[in-house]
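Below, chains carry the letters A, B, ... as their sequence lines are ordered, and counting in each starts from 1. Bear in mind that the values here come from a model prediction, so they are computed numbers and not experimental data.
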Amino acid sequence: MTLTETILAAHAGRDRVSPGDNIWIDVDTLMTHDVCGPPTIEIFKREFGEDARVWDPDRLVILPDHYIFTDDPHAQRNIEHLRAFAAEHSLAHYYDVGTSRYKGVCHVALAEEGFNLPGTTLFGTDSHTCTSGAFGLFSTGVGNTDAAFIMGTGKIWVRVPETMRFVFEGALPPWLMAKDLILTVIGDVGLDGGTYRALEFDGEAVFDLSMEERMTLTNMAIEAGGKNGIIAADEKTEAFVRARTDRAYTMVAPRADARFVYEKVYDVSQMEPVVAKPHRPDNRAKVSEVEGTPLDRAYIGSCTGGKFEDFVAAARILEGNRVQVDTYVVPASTEVSRRLREEGLHEEGLRGEGLSGGKTLWQIFLDAGCKMGHASCGACLGGPVDTFGRTHGTEVVISTTNRNFPGRMGSKQSAVYLASPLTVAASALAGVITDPREVLV
Amino acid sequence: MKAQISGRAYVLGDSVDTDQIIPAAHLVYSMTEPDERRMYGRYALSAVPDAEAGLPRGGIPFVRDGEYASDYRIVVAGNNFGCGSSREHAPFALQVAGVEAVIASSYARIFYRNAVDGGFVVPFECARRLADVVETGDHLDIDVAAGTVHVRRLDETFLLHPLGEVAAILEAGNVFEYARQSGMIG
């Protein structure tokens with residue numbers, strides 16, 4: 001069995017499962033946020049009763065992150081609903097807005113708070129829940145109804161997916177990031193190439209990546225239609241998890257008899273920086289093919305491209321320079337935001353530890369002329385009209401986010417190019433789409 | 001699930017994502033309070049680019065300005081309908097606007113599951129790419145038991161894929177009713 005099949009079989013109490021089997025499984029962790037949490041709670045109460053109890057309050061994680069820094073009264077009301085429910089059920093894992101517990105983007109916070117446990121099952125009311133699979137677990141997005149069902153029972157039905165295996169070999173050049181790899185995959189298989197399937201990432205280049213970069217790979221599995229993205233857990237995974245939690249988990253090893261419905265091997269040393277052109281994440285082009293495209297805006301943020309290392313990569317290019325277009329910087333989480341204010345660029349570049357030249361990363365962005373935002377989903381998905389960085393007209397944007405469908409960042413007249421933080425930063429400096437190899441020294 | 005679903009069709013292209021079905025800015029509304037709930041009908045499919053709104057000609061709003069319901073009962077789409085965000089508000093918004101069924105060449109997984117488990121709209125698939133055959137405004141008659149759709153203008157009948165295992169959930173009304181009937185929950 002593949003990694004995904006092994007985890008699902010264990011959670012169904014079976015020795016074996018095969019792709020296509022419909023099975024009921026036990027859920028280890030359920031995550032929801034401010035957009036889908038309130039309607040999930042309404043369905044939970046409708047179906048199980050006003051006084052119903054959550055199946056296991058210790059396994060429910062509520063991370064408001066979408067519409068936080070807005071004056072929209074409905075959005076604020078929805079957070080009050082979450083707060084009341086968390087109090088009613090004495091939820092230990094509610095991360096309230098306006099308190100020191102507030103985290104920001106749920107997928108990044110799940111990692112930071114130690115909820116991504118190898119070998120477990122994690123469901124969330126958000127399509128990018130597949131991000132957590134970077135830690136060797138089965139994670140996928142569901143709607144409110146399914147989440148409410150889990151909330152009451154701790155169980156859900158799933159169809160066992162076939163697995164597609166993407167193997168990355170070779171050494172990653174310094175101008176490439178995980179974002180380039182996953183945009184290449186999505187361009188190869190298409191928006192629905194992974195529908196009903198697990199996307200497993202393998203190979204030495206994957207295991208050379210940091211946990212944050214691995215999260216970028218699994219994060220965008222959904223953009224190929226994937227049910228889940230997954231990477232086997234290794235020592236790096238264990239070290240990351242153990243630094244954050246003492247919760248129990250069982251490592252799951254891939255089995256020799258694993259069968260894949262599709263396999264593709266990439267040599268990362270031969271790959272190039274790429275973008276996804278408007279208006280589809282699979283509309284891939286090499287950066288060299290769209291170089292010079294005029295831009296109105298750059299955006300660095302989201303669960304995909306707003307992690308600490310994403311900002312370190314961007315800062316390497318922006319340090320000592322000025323951006324030529326409006327550039328919005330939105331840390332995914334309050335932990336990322338704190339680190340940006342405390343840490344600087346190391347001499348060697350991608351390891352952001354210690355202050356070189358006395359400047360914090362935050363200061364580097366400020367000095368480059370960037371606009372700095374609060375930790376949240378921000379304008380990745382448009383959001384309420386007063387959302388920081390949201391498009392309102394015909395803006396052409398280059399962004400580290402995950403989707404560029406019409407209207408995704410607000411205005412359906414705007415056009416979004418998806419790219420790595422290196423490519424976005426290089427393009428922000430030039431005001432036109434630019435290959436990071438031209439500015440990286 | 002009704003035995004017959006009849007009404008006018010609204011035709012869309014490929015990979016219409018859930019941000020186009022219901023833009024994120026509107027997800028703040030309650031899905032139960034009547035005054036807010038109806039806003040999901042008003043803004044259903046409002047982010048589809050004008051050129052692709054109501055094919056083949058385009059430029060046809062799904063919901064007329066100021067209205068809360070659509071004139072169209074059936075959405076006909078190409079492949080990968082409902083991709084992107086997992087928001088259940090997407091099949092819900094179509095239902096609030098008055099849609100009873102979608103006929104697509106294929107679906108994104110989460111949209112399909114949400115449509116079924118919440119019992120919002122019946123997600124049919126058709127081997128023939130109906131989005132190339134049907135025009136926005138055509139009157140369709142779906143015979144659920146027979147698994148067919150008849151296009152009145154063409155006087156042609158097309159075979160729909162069997163609903164398979166999800167028919168039982170749709171028949172029960174939603175996943176909760178299904179689980180109760182099958183003894184999964186009390």
Side-chain angles (χ1 to χ4, degrees), chain A residues 22 24 35-36 38-40 42-43 46-48 66-67 70 72-75 77-78 124-129 140-149 152-153 155 157 161 190-192 195-196 222-223 225-227 279-280 282 381-385 387 390 403 405-408 410 412-413, chain B residues 14-20 23-33 36 39 46-52 79-81 83-92 105-120 164-166 169 174-180 184-186:
Chain A
N22 279 315
W24 287 88
V35 170
C36 295
T40 296
E42 284 185 339
I43 297 170
R46 180 191 81 200
E47 296 294 335
F48 296 101
H66 277 58
Y67 306 153
T70 170
D72 187 298
H74 292 106
R77 180 264 325 262
N78 293 343
T125 59
D126 191 291
S127 62
H128 290 109
T129 302
T140 192
V142 291
N144 311 331
T145 296
D146 283 332
F149 193 97
T153 66
K155 292 185 184 300
W157 70 269
L191 279 186
D192 58 357
T195 300
Y196 286 104
I222 183 67
E223 268 58 71
K227 183 175 203 143
H279 296 279
R280 290 167 58 123
D282 65 349
L381 76 163
V385 290
T387 301
R390 185 187 193 273
R403 295 198 178 117
F405 293 109
R408 171 69 178 180
K412 66 177 175 179
Q413 281 81 37
Chain B
D14 291 329
S15 293
V16 173
D17 81 308
T18 52
D19 272 280
Q20 293 177 71
H26 308 305
L27 303 181
V28 295
Y29 298 120
S30 162
M31 295 170 81
T32 50
E33 296 290 333
E36 293 185 42
M39 302 303 268
S46 62
V48 175
D50 295 345
E52 289 142 55
N79 61 40
N80 202 32
F81 186 72
C83 62
S85 157
S86 62
R87 63 191 67 162
E88 187 163 309
H89 311 67
F92 175 76
S105 299
S106 66
Y107 293 89
R109 185 189 67 83
I110 306 177
F111 177 92
Y112 183 83
R113 188 177 172 112
N114 287 342
V116 169
D117 279 0
F120 300 114
E165 287 166 309
V166 304
I169 301 174
N174 64 35
V175 72
F176 292 99
E177 291 308 318
Y178 172 76
R180 281 193 191 96
M184 278 281 310
I185 57 174

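- Using a 4.5 Å cut-off between heavy atoms, B:Phe111 does not touch chain A at all.
- Salt bridge absent: A:Arg77 and B:Glu33 never bring a charged side-chain N and a carboxylate O closer than 4.0 Å.
- Both the backbone and the side chain of A:Leu191 come within contact range of chain B, with heavy atoms under 4.5 Å apart.
- For B:Ser30, the parts lying under 4.5 angstrom from a heavy atom of chain A are both the backbone and the side chain.
- Scanning all heavy atoms of the two residues, the minimum distance from A:Phe149 to A:Phe48 falls at O-CZ, 4.2 Å.
- Inspection of the B:Arg109 and A:Thr140 side chains reveals an N or O donor paired with an N or O acceptor under 3.5 Å.
- By the salt bridge (Lys or Arg N to Asp or Glu O under 4.0 Å) test, A:Arg403 is found to be paired with A:Glu223, residues two or more places apart in sequence or in another chain being considered.
- Put simply, the side chain of B:Met31 reaches to within 4.5 Å of the side chain of B:His89, judged on heavy atoms.
- The candidate from B:Val175, B:Asp19, B:Asn174, B:Asp14 with the greatest count of non-hydrogen atom pairs under 4.5 Å with chain A is B:Asp19.
- Residues A:Arg280 and B:Asp17 are not paired through a salt bridge, judged by the lack of any N-O separation under 4.0 Å between the basic side chain and the carboxylate.
- When heavy atoms are compared at a cutoff of 4.5 Å, B:Val16 does not approach chain A at all.
- For B:Glu36, the part sitting under 4.5 Å from any heavy atom of chain A is the side chain, from C-beta outward, and nothing else.
- For B:Asp117, the parts lying near chain A are the backbone and the side chain together; criterion is any non-hydrogen pair under 4.5 Å.
- The candidate from B:Ala47, B:Pro23, B:Ala90, B:Ala179 with the greatest count of non-hydrogen atom pairs under 4.5 Å with chain A is B:Ala47.
- Of the listed residues (B:Cys83, B:Pro49, B:Gly84), the greatest number of heavy-atom pairs within a distance under 4.5 Å of chain A belongs to B:Gly84.
- Most heavy-atom pairs under 4.5 Å with chain B, from the set A:Val142, A:Thr70, A:Asp146, A:Ile222: that is A:Asp146.
- Of the atoms belonging to A:Asn78, it is side-chain heavy atoms, and not backbone ones, that fall under 4.5 Å from chain B.
- Both the backbone and the side chain of A:Ala148 come within less than 4.5 Å of a heavy atom in chain B.
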